[in-house]
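Here the structure is laid out as structure tokens; the discussion comes afterwards.
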Amino acid sequence: MKATVIATFFGVFLTCTYTAKEATKKTKKAKLYVPQIDCDVKAGKIINPEFIAKCPPGCQDVKYRVYGTDIYASFSSVCNAAIHSGIIDNTGGKILVQKVAGHSGYRGSFSNGVRSLSLPRWRESFLVSEGKPRKGVTYPTTLEYSSSKSTTVKSEPKKPEQDLKGMKSADTANTSEKALEQGDTVRKENQTTPVPTPATQMATTTPTPMTTTTDPSTTMPQPTKTPAATRTTAAAAKTRPGLHRVRDMGSSSVHPAYASVVAAAASVQRQEPVATFQRAASSPAHLAMETDSWKPGLSLFDTGFSSKEELNPKPLEPISQGNQNCKVDLSFLMDGSWSIGKRRFQLQKRFLGNVAQALGIGSAGPLMGIVQYGDDPSTEFNLKTYANSKDLRNAIEKIQQKGGLSNVGKALSFVNKNFFLDANGNRGGAPNVVVVMVDGWPTDRVEEASRLARESGINIFFVTVEAAAQSEKQNVIEPNFVDKAVCRTSGFYSINVPSWFSLHKVVQPLVKRVCDTDRLACSKTCLNSADIGFVIDGSSSVGTGNFRTVLQFVANISKEFEISGTDTRIGAVQYTYEQRLEFSFDKHSTKQDVLNAIKRISYWSGGTSTGAAISYASEQLFSKSKPNKRKIMILITDGRSYDDVSMPAMAAHQNGVIAYSIGVAWAAPDELEAIASDPAKEHSFFVDEFDNLYRYVNQLIQNICTEFNSQPRN
């Protein structure tokens, strides 16, 4: 009897155990439904902060544009970015996407058959990795798009009669709608956490921010008493002013996308300014919502340093102010190959010393470092090593020749990745310049390395001394290597010297060119290289309330650009039957002045002569553009013109004006296309009512930047 009871109990136990195992097995076998996305879907259009999706085959195409490397701007194609990063190939597959904060610089590169473009900044970024779920994260089976009609996306339309009660207030309301349109998810943790990471930024189940995310500057002990671990945390949370671009992190077993995030969290991510005179960003959290939290008081000439200690640690001599009319960050690539010989190497050192003296090295002027190349490049000293010309000349005299081949391409790649870093003294408000000294010809290819450096905003000059001898010409890899390397082929960026003994004659010409910041073309980006003229319809059909909405639209576009006398400039014309110059390009040199001027424009009322307005803008605005500026016309109209628009528009196009047309309500599509530059579909837009104009702010900026980045550099 006892045995029977035991057997029965044991049988029940086995049955329960088996049932539990089967239930667990069934639970484990429950598979996540993965939604499929199209090749042209951009991360910014998907509201979900973290999701797994399946990409179809055939996304490796130039029409699906990608911006950045490892970390991508949110208006990149998600699937083509995944191909660029090596997560999938052109056959498609599952990917994991995580939204992170906006970056102040996206570096273009060529990887896995995809060419990504550079971009100075964008308000939101994303990472791509293998499509495997992370522990504890619930992934959506249906993706939510910003174009959805749901109440979470749709915003209440503004009343036409609403006045522009302070440009800043109107901008804040408008950009909140733009954030929804772009797919941004504005959450408390984004606003309070100094350093966004996937853990803090992607959390959806903990809306209340932790108390540990307060400003580290108010809670951290003094550096002399802070343990190493605490110092690392403080550094990670520290404000990073200046505009930066992400640098290559080198080889690692960790996927590059995660390597970048981990490096950012540890405050060791190597970054550097993209271009000259970029607006300072106060923190990564600020960058994530840059449009929403923009304030006009930000300095356009921020130094880009994160602390006073980085400015010039342990100077050998008191810091010299230097030549303040020549604020550039300069790297000389010094030829240390055996082909130059010892005597000519000494002549090269004397030349570099004379250049340092002529430049007037100093903290408020030019800073200079030297990289010597042969088989492999190495930094002799960086930008912050010497703060005056005397110490710099003495250091140059002590440089020893490396020897080896003339691998200029490898040297340019080294400088692009390693030289212009914050830690090496790079300043956000100074153009990056590289001067390459070459004896004869390079022994490797320079074109690809030069192109990547140019796209990063580095201005490349070549000083070539003595061409290859007749017997050596058969070994020349790229006979026209200079034209393939410099920023422009106009001759400004290249100097040929017949003999090393003639080098002293080009000291002053070279210094003059290096210091001519207006002509440093590679420092220019889509946000600081244009003269933008707004041509605004003030006809009777617009009405007072709608006219104020148009001015708000104009202001929202203007504030995205770097505005100063040397960067982007803004002008405006209002028209009816007649035309009126509201303000010219040289009238206002700060962003705040421009926004105030837009706010003061008074509604005119009258007929609609758009053709005459285009001709007037060509004569009164764009004829006074600077030679090195792109001329961009943005015309807003709500109806058909009483005169012909095609001939004035054609004349404007022929004079180098890039025209964008924005039509509202009764605007004629054929006229909008005639006004717009080619291709018209990328330069003309239409909305059914004025309150929807805000939808095209991001698209306009994106198209302007895409066009700029796709232009050939030579």
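Between Ile52 and the options Leu96, Val97, Val137, Leu143, a side chain to side chain contact (heavy atoms under 4.5 Å, CB included) holds for only Leu96.
Taking 4.5 Å as the limit, some side-chain heavy atom of Cys526 sits within range of a side-chain heavy atom of Arg630. Using a 4.5 Å cut-off on side-chain heavy atoms (C-beta onward), Tyr660 and Ile704 make contact. Contact check for Val100 versus Leu127: side-chain heavy atoms found under the 4.5 Å cut-off. Put simply, the side chain of Leu635 does not reach to within 4.5 Å of the side chain of Ile662, judged on heavy atoms. Val433 is not listed as a side-chain neighbour of Asp329, based on a closest heavy-atom distance of 4.5 Å or more. A 4.5 Å side-chain heavy-atom check between Leu527 and Cys705 finds at least one atom pair inside the cut-off. For the pair Ser558 and Phe534, the minimum side-chain heavy-atom distance is below 4.5 Å. The closest side-chain heavy-atom distance from Val41 to Tyr145 is below 4.5 Å.
Side-chain contact check for Asn432 and Asn459: no donor-acceptor pair (N or O, by modelled atom type) lies under 3.5 Å. Residues Glu707 and His683 bring a donor and an acceptor atom of their side chains to less than 3.5 Å of each other. For Tyr106 and Ser125, the side-chain atoms include at least one donor-acceptor pair closer than 3.5 Å.
To the nearest 0.5 Å, atoms CD (Glu144) and CG (Asn48) are separated by 6.0 Å. In this structure, CG on Asp70 lies 8.0 Å from OG on Ser111, to the nearest 0.5 angstrom. The CD1 atom of Ile675 lies 7.0 Å from the CE atom of Met633; values are rounded to the nearest 0.5 Å. Between atom CG of residue Asp678 and atom CD1 of residue Ile658 there is a gap of 12.0 Å, rounded to the nearest 0.5 Å. Interatomic distance, CG of Asn80 versus NZ of Lys63, reported as 11.0 Å (0.5 Å rounding). For the atom pair CG (Leu700) and CZ (Arg695), the distance works out to 14.5 Å, reported to the nearest 0.5 Å.
Remark: the backbone N or O of Phe420 is not paired with any side-chain donor or acceptor of Asn424 at under 3.5 angstrom. Within the 3.5 Å criterion, the main-chain N or O of Thr568 finds no donor-acceptor partner in the side chain of Asn528. Under the 3.5 Å distance criterion, the side-chain polar atoms of Ser661 are matched with a main-chain donor or acceptor of Leu672. Side chain of Asn692 to backbone of Val687: no donor-acceptor contact under 3.5 angstrom is found. A donor-acceptor pair under 3.5 Å is formed between the side chain of Lys591 and the backbone N or O of Phe561. When atom types are taken as modelled, the side chain of Arg569 and the backbone of Ser564 share no donor-acceptor pair closer than 3.5 angstrom. Using modelled atom types, no side-chain atom of Ser116 and backbone atom of Thr69 make a donor-acceptor pair closer than 3.5 Å. Within the 3.5 Å criterion, the main-chain N or O of Thr91 finds a donor-acceptor partner in the side chain of Asp89. A donor-acceptor pair under 3.5 Å is absent between the side-chain atoms of Ser413 and the main chain of Ala449, judged by distance alone. Under the 3.5 Å distance criterion, the side-chain polar atoms of Asn90 are matched with a main-chain donor or acceptor of Gln60.
Note on Glu448 versus Arg115: salt bridge recorded, some NZ/NE/NH1/NH2 to OD/OE distance being below 4.0 Å. A salt bridge links Arg123 with Glu560; the closest basic N to acidic carboxylate O contact falls under 4.0 Å. By the 4.0 Å N-to-carboxylate-O rule, Arg445 lies too far from Glu447 to be salt-bridged with it. Lys629 has no carboxylate O lying under 4.0 Å from a charged side-chain N of Asp531, or vice versa, which leaves the two without a salt bridge. Classification of Arg134 and Glu50 as a salt-bridged pair holds, one side-chain N sitting under 4.0 Å from a carboxylate O.
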Dump the intermediate steps for side-chain hydrogen bond (donor to acceptor under 3.5 Å, both in side chains) on Asn698 and Gln702, then the final yes or no.
CA-CA 6 Å; Asn698 291 338; Gln702 175 183 337; over 6 Å; no

Working note: Leu421 + Asn426, criterion side-chain contact (heavy atoms from CB on, under 4.5 Å); need CA distance, chi angles, decisive distance, verdict.
CA-CA 5 Å; Leu421 309 175; Asn426 189 59; 5.7 Å; no

Please test Phe553 against Val697 for side-chain contact (heavy atoms from CB on, under 4.5 Å), starting from the C-alpha separation and ending with a verdict.
CA-CA 7 Å; Phe553 173 71; Val697 172; 3.8 Å; yes

Please test Cys59 against Cys79 for disulfide (SG to SG under 2.5 Å), starting from the C-alpha separation and ending with a verdict.
CA-CA 6 Å; Cys59 292; Cys79 293; 4.2 Å; no

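Counting all heavy atoms, side chain and backbone alike, Ser77 lies closest to Val66 at O-CG2, 4.3 Å. Taking both residues in full, the closest heavy atoms of Glu689 and Val664 are given as C-CG1, 3.7 Å, listed atom of the first, atom of the second, then distance. Residue Pro140 comes nearest to Phe51 through the heavy atom pair CG-CB, 4.0 Å, listed as atom of the first residue, atom of the second, then distance. Closest non-hydrogen pair, Phe708 versus Ser529, comes out as CE1-OG, 3.5 Å. For the residue pair Ile95 and Cys55, the shortest heavy atom distance occurs at CD1-SG, 3.7 Å. Taking each heavy atom of Ala485 and Arg454 in turn, the nearest pair found is O-NH1, 3.1 Å.
For an aromatic pair to be called close, the ring centres must be under 6.0 Å apart, and His84 with Tyr72 satisfies this.
The aromatic rings of Phe685 and Tyr696 sit tilted, their planes meeting at an angle between 30° and 60°. Under the 30°/60° scheme for interplanar angles, the aromatic rings of Trp122 and Phe75 are found to stand perpendicular.
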